[in-house]
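Every chain is numbered from 1, with letters handed out A, B, ... down the list of sequences.
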Number of protein chains: 2
Amino acid sequence: MAADIPQLAPTPLAGRAGFLLSQLGFHTAQRFAEHLAPLGLQPKHFGLLMHVSRGEGRSQQQLADALAIHRNVMVGLMDDLEDRGLTERRRHPSDRRAHAVYLTAAAHGLLARAQRSADTFEAEVLAPLDEADRTHLIALLQRLAEHAGLPAGIHPGLQRADSQAADR
Amino acid sequence: MAADIPQLAPTPLAGRAGFLLSQLGFHTAQRFAEHLAPLGLQPKHFGLLMHVSRGEGRSQQQLADALAIHRNVMVGLMDDLEDRGLTERRRHPSDRRAHAVYLTAAAHGLLARAQRSADTFEAEVLAPLDEADRTHLIALLQRLAEHAGLPAGIHPGLQRADSQAADR
DNA sequence: TATTGTTATACTCTATAACTATA
DNA sequence: TATAGTTATAGAGTATAACAATA
(Lines give C-alpha, C1' and ligand atoms only; values in the text may rest on other atoms or scores of the structure.)
Protein backbone atom coordinates (compact mmCIF):
# COMPACT_ATOMS: atom_id res chain seq x y z
CA MET A 1 0.00 0.00 0.00
CA ALA A 2 2.77 2.40 0.93
CA ALA A 3 5.49 0.18 -0.49
CA ASP A 4 6.36 2.42 -3.43
CA ILE A 5 6.92 5.56 -1.36
CA PRO A 6 10.61 6.07 -0.78
CA GLN A 7 11.40 7.45 2.67
CA LEU A 8 13.82 10.24 1.92
CA ALA A 9 15.81 12.51 4.21
CA PRO A 10 13.93 14.01 7.15
CA THR A 11 12.46 17.41 6.46
CA PRO A 12 14.98 20.13 7.14
CA LEU A 13 12.27 22.39 8.56
CA ALA A 14 12.62 20.97 12.05
CA GLY A 15 16.16 22.35 12.26
CA ARG A 16 15.27 25.92 11.43
CA ALA A 17 14.75 28.37 14.26
CA GLY A 18 12.14 30.21 12.22
CA PHE A 19 10.05 27.11 11.76
CA LEU A 20 10.50 25.95 15.34
CA LEU A 21 9.41 29.34 16.67
CA SER A 22 6.34 29.39 14.49
CA GLN A 23 5.47 25.77 15.23
CA LEU A 24 6.01 26.04 18.97
CA GLY A 25 4.39 29.45 19.16
CA PHE A 26 1.26 28.28 17.45
CA HIS A 27 1.03 25.18 19.57
CA THR A 28 1.73 27.08 22.78
CA ALA A 29 -0.95 29.64 22.01
CA GLN A 30 -3.42 26.88 21.27
CA ARG A 31 -2.68 25.02 24.48
CA PHE A 32 -2.77 28.17 26.55
CA ALA A 33 -6.23 28.87 25.18
CA GLU A 34 -7.33 25.40 26.26
CA HIS A 35 -5.72 25.94 29.63
CA LEU A 36 -7.65 29.16 30.14
CA ALA A 37 -10.95 27.86 28.79
CA PRO A 38 -12.24 26.47 32.12
CA LEU A 39 -12.20 30.04 33.44
CA GLY A 40 -14.34 31.12 30.53
CA LEU A 41 -11.57 33.31 29.18
CA GLN A 42 -9.81 33.47 25.85
CA PRO A 43 -6.20 34.67 25.70
CA LYS A 44 -7.29 37.99 24.22
CA HIS A 45 -9.65 38.59 27.12
CA PHE A 46 -6.93 37.69 29.57
CA GLY A 47 -4.52 40.09 27.90
CA LEU A 48 -7.05 42.88 27.90
CA LEU A 49 -7.96 42.34 31.56
CA MET A 50 -4.27 42.47 32.42
CA HIS A 51 -3.91 45.78 30.62
CA VAL A 52 -7.02 47.27 32.18
CA SER A 53 -5.77 46.26 35.62
CA ARG A 54 -2.55 48.15 35.01
CA GLY A 55 -4.41 51.42 34.97
CA GLU A 56 -8.16 51.52 35.47
CA GLY A 57 -10.25 54.38 34.20
CA ARG A 58 -8.69 54.60 30.78
CA SER A 59 -10.81 55.04 27.67
CA GLN A 60 -11.39 52.27 25.13
CA GLN A 61 -9.31 54.18 22.63
CA GLN A 62 -6.40 54.43 25.05
CA LEU A 63 -6.60 50.70 25.72
CA ALA A 64 -6.80 50.02 22.00
CA ASP A 65 -3.66 52.09 21.43
CA ALA A 66 -1.86 50.26 24.23
CA LEU A 67 -2.67 46.89 22.69
CA ALA A 68 -2.16 48.12 19.13
CA ILE A 69 -5.62 47.08 18.00
CA HIS A 70 -8.37 48.97 16.22
CA ARG A 71 -11.02 50.62 18.36
CA ASN A 72 -13.72 48.70 16.49
CA VAL A 73 -12.25 45.47 17.81
CA MET A 74 -12.08 46.92 21.30
CA VAL A 75 -15.85 47.43 21.28
CA GLY A 76 -16.39 43.72 20.79
CA LEU A 77 -13.89 42.76 23.46
CA MET A 78 -15.40 45.18 25.95
CA ASP A 79 -18.85 43.83 25.14
CA ASP A 80 -17.62 40.33 25.93
CA LEU A 81 -16.11 41.37 29.24
CA GLU A 82 -19.05 43.53 30.25
CA ASP A 83 -21.53 40.76 29.39
CA ARG A 84 -19.57 38.50 31.70
CA GLY A 85 -19.67 41.10 34.45
CA LEU A 86 -15.91 41.62 34.44
CA THR A 87 -15.68 45.27 33.42
CA GLU A 88 -17.79 48.40 33.67
CA ARG A 89 -18.03 51.32 31.30
CA ARG A 90 -18.45 54.44 33.43
CA ARG A 91 -18.62 57.98 32.24
CA HIS A 92 -15.26 59.56 31.59
CA PRO A 93 -14.56 62.49 33.92
CA SER A 94 -13.16 64.82 31.27
CA ASP A 95 -14.50 63.63 27.90
CA ARG A 96 -18.16 62.85 27.47
CA ARG A 97 -17.53 60.96 24.24
CA ALA A 98 -15.34 58.42 26.02
CA HIS A 99 -15.96 55.61 28.47
CA ALA A 100 -13.79 55.04 31.51
CA VAL A 101 -13.14 51.32 31.88
CA TYR A 102 -13.02 49.68 35.30
CA LEU A 103 -12.67 46.12 36.53
CA THR A 104 -15.36 44.65 38.76
CA ALA A 105 -14.61 42.80 41.97
CA ALA A 106 -15.33 39.56 40.13
CA ALA A 107 -12.68 40.46 37.58
CA HIS A 108 -10.02 40.95 40.22
CA GLY A 109 -10.71 37.50 41.59
CA LEU A 110 -10.82 35.90 38.16
CA LEU A 111 -7.65 37.65 37.08
CA ALA A 112 -5.79 36.28 40.08
CA ARG A 113 -6.96 32.78 39.22
CA ALA A 114 -6.02 33.27 35.58
CA GLN A 115 -2.52 34.32 36.56
CA ARG A 116 -2.12 31.25 38.71
CA SER A 117 -3.32 29.21 35.73
CA ALA A 118 -0.72 30.92 33.56
CA ASP A 119 1.95 30.05 36.11
CA THR A 120 0.95 26.41 35.99
CA PHE A 121 0.99 26.51 32.23
CA GLU A 122 4.41 28.12 32.19
CA ALA A 123 5.77 25.29 34.33
CA GLU A 124 4.32 22.74 31.91
CA VAL A 125 5.89 24.40 28.89
CA LEU A 126 9.29 24.56 30.54
CA ALA A 127 9.08 21.13 32.17
CA PRO A 128 11.86 19.49 30.14
CA LEU A 129 14.42 22.21 30.97
CA ASP A 130 16.45 22.71 34.13
CA GLU A 131 16.65 26.07 35.82
CA ALA A 132 19.75 27.26 33.95
CA ASP A 133 18.29 26.36 30.57
CA ARG A 134 15.01 28.05 31.41
CA THR A 135 16.75 31.30 32.24
CA HIS A 136 18.88 31.04 29.15
CA LEU A 137 15.93 30.30 26.87
CA ILE A 138 13.93 33.26 28.14
CA ALA A 139 16.93 35.55 27.72
CA LEU A 140 17.46 34.34 24.15
CA LEU A 141 13.80 34.75 23.26
CA GLN A 142 13.77 38.25 24.73
CA ARG A 143 16.76 39.18 22.60
CA LEU A 144 15.03 37.89 19.48
CA ALA A 145 11.84 39.73 20.40
CA GLU A 146 13.73 42.95 20.95
CA HIS A 147 15.60 42.58 17.68
CA ALA A 148 12.31 41.94 15.90
CA GLY A 149 10.97 45.19 17.32
CA LEU A 150 8.22 43.50 19.31
CA PRO A 151 6.89 45.67 22.13
CA ALA A 152 7.07 43.86 25.49
CA GLY A 153 3.81 42.18 26.38
CA ILE A 154 1.98 43.07 23.16
CA HIS A 155 0.82 40.06 21.19
CA PRO A 156 0.86 40.59 17.43
CA GLY A 157 -2.09 38.25 17.04
CA LEU A 158 -4.29 41.00 18.39
CA GLN A 159 -2.87 43.88 16.41
CA ARG A 160 -4.18 43.12 12.99
CA ALA A 161 -5.83 46.39 12.13
CA ASP A 162 -3.65 49.35 11.33
CA SER A 163 -4.46 51.60 14.24
CA GLN A 164 -2.52 54.41 12.58
CA ALA A 165 -4.96 54.80 9.72
CA ALA A 166 -7.94 57.03 10.37
CA ASP A 167 -11.52 56.20 9.39
CA ARG A 168 -11.65 57.49 5.93
CA MET B 1 -4.46 64.24 28.62
CA ALA B 2 -2.75 61.14 29.93
CA ALA B 3 -1.74 62.82 33.18
CA ASP B 4 -4.06 60.82 35.41
CA ILE B 5 -2.89 57.39 34.19
CA PRO B 6 -0.45 55.95 36.69
CA GLN B 7 2.40 54.04 35.03
CA LEU B 8 2.51 50.83 37.02
CA ALA B 9 4.89 47.90 36.87
CA PRO B 10 5.72 46.58 33.39
CA THR B 11 3.54 43.73 32.25
CA PRO B 12 4.88 40.43 33.53
CA LEU B 13 3.90 38.73 30.27
CA ALA B 14 7.20 39.62 28.61
CA GLY B 15 9.05 37.43 31.10
CA ARG B 16 7.03 34.29 30.47
CA ALA B 17 8.38 31.70 28.04
CA GLY B 18 4.84 30.80 27.03
CA PHE B 19 4.01 34.34 26.03
CA LEU B 20 7.36 34.92 24.33
CA LEU B 21 6.98 31.75 22.28
CA SER B 22 3.49 32.69 21.19
CA GLN B 23 4.43 36.31 20.48
CA LEU B 24 7.62 35.47 18.59
CA GLY B 25 6.02 32.54 16.81
CA PHE B 26 3.16 34.62 15.52
CA HIS B 27 5.44 37.42 14.43
CA THR B 28 7.91 35.04 12.80
CA ALA B 29 5.17 33.30 10.85
CA GLN B 30 3.83 36.63 9.70
CA ARG B 31 7.21 37.88 8.56
CA PHE B 32 8.05 34.60 6.83
CA ALA B 33 4.82 34.91 4.88
CA GLU B 34 5.85 38.41 3.76
CA HIS B 35 9.30 37.10 2.92
CA LEU B 36 7.83 34.40 0.71
CA ALA B 37 5.18 36.59 -0.91
CA PRO B 38 7.38 37.84 -3.78
CA LEU B 39 7.61 34.23 -4.98
CA GLY B 40 3.82 34.05 -5.01
CA LEU B 41 3.84 31.44 -2.27
CA GLN B 42 2.21 31.26 1.12
CA PRO B 43 3.87 29.26 3.91
CA LYS B 44 1.28 26.50 3.57
CA HIS B 45 2.08 26.14 -0.13
CA PHE B 46 5.77 26.07 0.61
CA GLY B 47 5.27 23.38 3.24
CA LEU B 48 3.15 21.30 0.91
CA LEU B 49 5.63 21.59 -1.95
CA MET B 50 8.39 20.48 0.40
CA HIS B 51 6.40 17.41 1.38
CA VAL B 52 5.48 16.53 -2.19
CA SER B 53 9.13 16.79 -3.19
CA ARG B 54 10.05 14.28 -0.50
CA GLY B 55 8.15 11.58 -2.35
CA GLU B 56 6.37 12.32 -5.60
CA GLY B 57 3.49 10.22 -6.79
CA ARG B 58 1.67 10.03 -3.50
CA SER B 59 -2.09 10.50 -3.31
CA GLN B 60 -3.73 13.61 -1.90
CA GLN B 61 -4.96 11.57 1.04
CA GLN B 62 -1.44 10.34 1.81
CA LEU B 63 -0.16 13.90 1.68
CA ALA B 64 -3.02 15.06 3.87
CA ASP B 65 -2.17 12.39 6.43
CA ALA B 66 1.49 13.39 6.36
CA LEU B 67 0.62 17.01 7.06
CA ALA B 68 -2.17 16.14 9.47
CA ILE B 69 -4.78 18.10 7.58
CA HIS B 70 -8.21 17.16 6.29
CA ARG B 71 -8.47 15.95 2.72
CA ASN B 72 -11.01 18.69 1.97
CA VAL B 73 -8.33 21.27 2.69
CA MET B 74 -5.86 19.39 0.54
CA VAL B 75 -8.15 19.81 -2.47
CA GLY B 76 -7.96 23.59 -2.15
CA LEU B 77 -4.21 23.59 -1.71
CA MET B 78 -3.71 21.30 -4.69
CA ASP B 79 -6.00 23.51 -6.76
CA ASP B 80 -3.83 26.51 -5.86
CA LEU B 81 -0.62 24.74 -6.82
CA GLU B 82 -2.04 23.25 -10.00
CA ASP B 83 -3.47 26.60 -11.11
CA ARG B 84 0.00 28.05 -10.70
CA GLY B 85 1.49 25.21 -12.76
CA LEU B 86 3.50 23.82 -9.87
CA THR B 87 1.95 20.38 -9.49
CA GLU B 88 0.21 17.84 -11.67
CA ARG B 89 -2.51 15.37 -10.75
CA ARG B 90 -1.81 12.23 -12.77
CA ARG B 91 -3.70 8.98 -12.61
CA HIS B 92 -2.68 6.74 -9.79
CA PRO B 93 -1.15 3.46 -11.02
CA SER B 94 -3.00 1.19 -8.60
CA ASP B 95 -6.11 3.08 -7.47
CA ARG B 96 -8.35 4.77 -9.96
CA ARG B 97 -10.05 6.82 -7.27
CA ALA B 98 -6.80 8.51 -6.31
CA HIS B 99 -4.55 11.07 -7.94
CA ALA B 100 -0.79 10.73 -8.02
CA VAL B 101 0.75 14.12 -7.29
CA TYR B 102 3.90 15.27 -9.07
CA LEU B 103 5.92 18.47 -9.13
CA THR B 104 6.47 20.26 -12.42
CA ALA B 105 9.88 21.49 -13.56
CA ALA B 106 8.78 25.00 -12.60
CA ALA B 107 8.09 23.81 -9.08
CA HIS B 108 11.57 22.39 -8.67
CA GLY B 109 13.07 25.74 -9.62
CA LEU B 110 10.69 27.70 -7.44
CA LEU B 111 11.26 25.37 -4.51
CA ALA B 112 14.99 25.91 -4.71
CA ARG B 113 14.47 29.65 -4.69
CA ALA B 114 12.04 29.39 -1.79
CA GLN B 115 14.55 27.42 0.23
CA ARG B 116 17.21 30.05 -0.40
CA SER B 117 14.67 32.65 0.71
CA ALA B 118 14.05 30.64 3.86
CA ASP B 119 17.79 30.53 4.51
CA THR B 120 17.98 34.31 4.23
CA PHE B 121 15.03 34.65 6.54
CA GLU B 122 16.57 32.28 9.06
CA ALA B 123 19.69 34.44 9.16
CA GLU B 124 17.56 37.52 9.79
CA VAL B 125 15.71 35.91 12.66
CA LEU B 126 18.91 34.76 14.31
CA ALA B 127 20.88 37.91 13.55
CA PRO B 128 21.27 39.08 17.17
CA LEU B 129 22.74 35.76 18.35
CA ASP B 130 26.27 34.41 17.95
CA GLU B 131 26.92 30.91 16.70
CA ALA B 132 26.94 29.26 20.13
CA ASP B 133 23.66 30.89 21.14
CA ARG B 134 22.03 29.92 17.85
CA THR B 135 22.92 26.30 18.33
CA HIS B 136 21.78 26.39 21.92
CA LEU B 137 18.48 28.08 21.07
CA ILE B 138 17.63 25.55 18.38
CA ALA B 139 18.46 22.69 20.72
CA LEU B 140 16.27 24.15 23.46
CA LEU B 141 13.37 24.71 21.07
CA GLN B 142 13.68 21.18 19.75
CA ARG B 143 13.51 19.83 23.27
CA LEU B 144 10.37 21.84 23.98
CA ALA B 145 8.83 20.73 20.70
CA GLU B 146 9.57 17.11 21.46
CA HIS B 147 8.16 17.41 24.97
CA ALA B 148 5.04 19.01 23.54
CA GLY B 149 4.62 16.04 21.24
CA LEU B 150 5.01 18.08 18.07
CA PRO B 151 5.95 15.97 15.05
CA ALA B 152 9.11 17.27 13.37
CA GLY B 153 8.34 19.56 10.47
CA ILE B 154 4.55 19.52 10.88
CA HIS B 155 3.06 22.93 11.52
CA PRO B 156 0.00 22.84 13.77
CA GLY B 157 -1.43 25.87 11.98
CA LEU B 158 -2.28 23.59 9.11
CA GLN B 159 -3.70 20.71 11.08
CA ARG B 160 -6.96 22.15 12.25
CA ALA B 161 -9.37 19.55 11.01
CA ASP B 162 -9.49 16.23 12.79
CA SER B 163 -8.21 13.90 10.10
CA GLN B 164 -9.12 10.93 12.28
CA ALA B 165 -12.85 11.51 12.08
CA ALA B 166 -14.60 10.09 9.06
CA ASP B 167 -17.20 11.96 7.04
CA ARG B 168 -20.29 11.26 8.95
C1' DT C 1 -13.03 69.55 11.33
C1' DA C 2 -11.43 65.66 14.24
C1' DT C 3 -12.26 62.04 17.67
C1' DT C 4 -14.91 58.27 20.57
C1' DG C 5 -17.71 54.67 20.50
C1' DT C 6 -20.83 52.01 17.79
C1' DT C 7 -22.97 49.43 14.05
C1' DA C 8 -23.28 47.29 9.47
C1' DT C 9 -21.29 45.01 5.61
C1' DA C 10 -18.13 42.41 3.03
C1' DC C 11 -14.43 39.13 2.89
C1' DT C 12 -11.63 35.40 4.26
C1' DC C 13 -11.02 30.88 6.74
C1' DT C 14 -12.37 26.98 8.63
C1' DA C 15 -15.57 23.13 9.70
C1' DT C 16 -19.03 19.99 8.33
C1' DA C 17 -21.73 17.52 5.52
C1' DA C 18 -22.96 15.45 1.32
C1' DC C 19 -22.11 13.73 -3.28
C1' DT C 20 -19.47 10.61 -7.19
C1' DA C 21 -16.62 7.20 -8.57
C1' DT C 22 -14.31 3.77 -7.38
C1' DA C 23 -12.62 -0.13 -4.13
C1' DT D 1 -19.57 -0.93 3.20
C1' DA D 2 -15.56 1.99 3.01
C1' DT D 3 -12.40 5.24 0.75
C1' DA D 4 -10.47 9.27 -2.61
C1' DG D 5 -11.59 13.33 -4.32
C1' DT D 6 -14.81 17.03 -4.79
C1' DT D 7 -18.32 20.49 -3.88
C1' DA D 8 -21.54 23.29 -1.10
C1' DT D 9 -22.93 25.55 3.00
C1' DA D 10 -22.63 27.51 7.36
C1' DG D 11 -20.03 29.64 10.93
C1' DA D 12 -16.15 32.41 13.08
C1' DG D 13 -13.07 36.03 12.62
C1' DT D 14 -11.33 40.25 10.50
C1' DA D 15 -11.38 44.52 7.76
C1' DT D 16 -13.63 48.59 6.12
C1' DA D 17 -16.78 52.00 6.00
C1' DA D 18 -20.23 54.84 7.86
C1' DC D 19 -22.86 57.03 11.60
C1' DA D 20 -24.17 59.86 16.07
C1' DA D 21 -22.44 62.34 19.84
C1' DT D 22 -19.05 65.24 21.38
C1' DA D 23 -14.67 67.82 21.21
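Checking the phosphate oxygens (OP1, OP2) of dT6(D), a side-chain nitrogen or oxygen of Gln60(B) falls inside 4.0 Å. A close approach under 4.0 Å does occur between a side-chain nitrogen or oxygen of Arg96(A) and OP1 or OP2 of dT22(D). Checking the phosphate oxygens (OP1, OP2) of dT6(D), a side-chain nitrogen or oxygen of Arg89(B) falls inside 4.0 Å. One finds a side-chain N or O of His99(A) lying less than 4.0 angstrom from the OP1 or OP2 phosphate oxygen of dT6(C). The side chain of Arg91(A) contributes no N or O atom lying less than 4.0 Å from OP1 or OP2 of dT4(C).
The nearest whole Å value for the distance from the CG atom in Asp65(A) to the P atom in dT3(C) is 11 Å. Between the P atom of dT14(C) and the CG atom of Asp80(B) lies a distance of 12 Å, rounded to the nearest Å. Rounded to whole Å, atom P of dC13(C) lies 15 Å from atom CD1 of Ile69(B). If you measure from atom CE of Met74(A) to atom P of dT7(C), you get 16 Å, rounded to the nearest angstrom. Taking atom CZ of residue Arg58(A) and atom C1' of nucleotide dG5(C), one finds them 17 Å apart after rounding to whole Å. Atom pair Gln61(A):CD and dA2(C):C1' shows a separation of 12 Å (rounding to whole Å applied). The interatomic distance linking His92(A) (NE2) with dT22(D) (P) rounds to 15 Å, in whole Å. Atom P of nucleotide dT14(C) and atom CG of Leu67(B) are separated by 14 Å, given to the nearest angstrom.
With the nearest nucleotide of DNA chain C identified for both Gln42(B) and Ala98(A), Ala98(A) has the one nearer the 5' end. DNA chain C is contacted by both Arg97(A) and Gly76(A); Arg97(A) maps to the nucleotide lying nearer its 5′ end (nearest heavy atom per residue). Where Asp95(A) and Lys44(A) each meet DNA chain D at their nearest nucleotide, the meeting point lying more 5' is that of Lys44(A).
Contact of Asn72(A) with dT16(D) (side chain to base): a donor-acceptor pair of N or O atoms is detected under 3.5 Å.
Ring orientation note: the planes of Phe121(B) and Phe32(B) are tilted relative to one another, at an angle of 30° to 60°.
Annotation: side chain of Leu49(B) is in contact with side chain of Thr87(B) (closest heavy-atom distance under 4.5 Å).
Remark: side-chain polar atoms of Arg134(A) are paired, donor with acceptor, to backbone N or O of Leu126(A) under 3.5 angstrom. Using modelled atom types, one side-chain atom of Glu122(A) and one backbone atom of Ala17(B) make a donor-acceptor pair closer than 3.5 Å.
Counting non-hydrogen atoms of other residues, nucleotides and ligands closer than 6.0 Å to CD of Glu146(B) gives a total of 12 or fewer.
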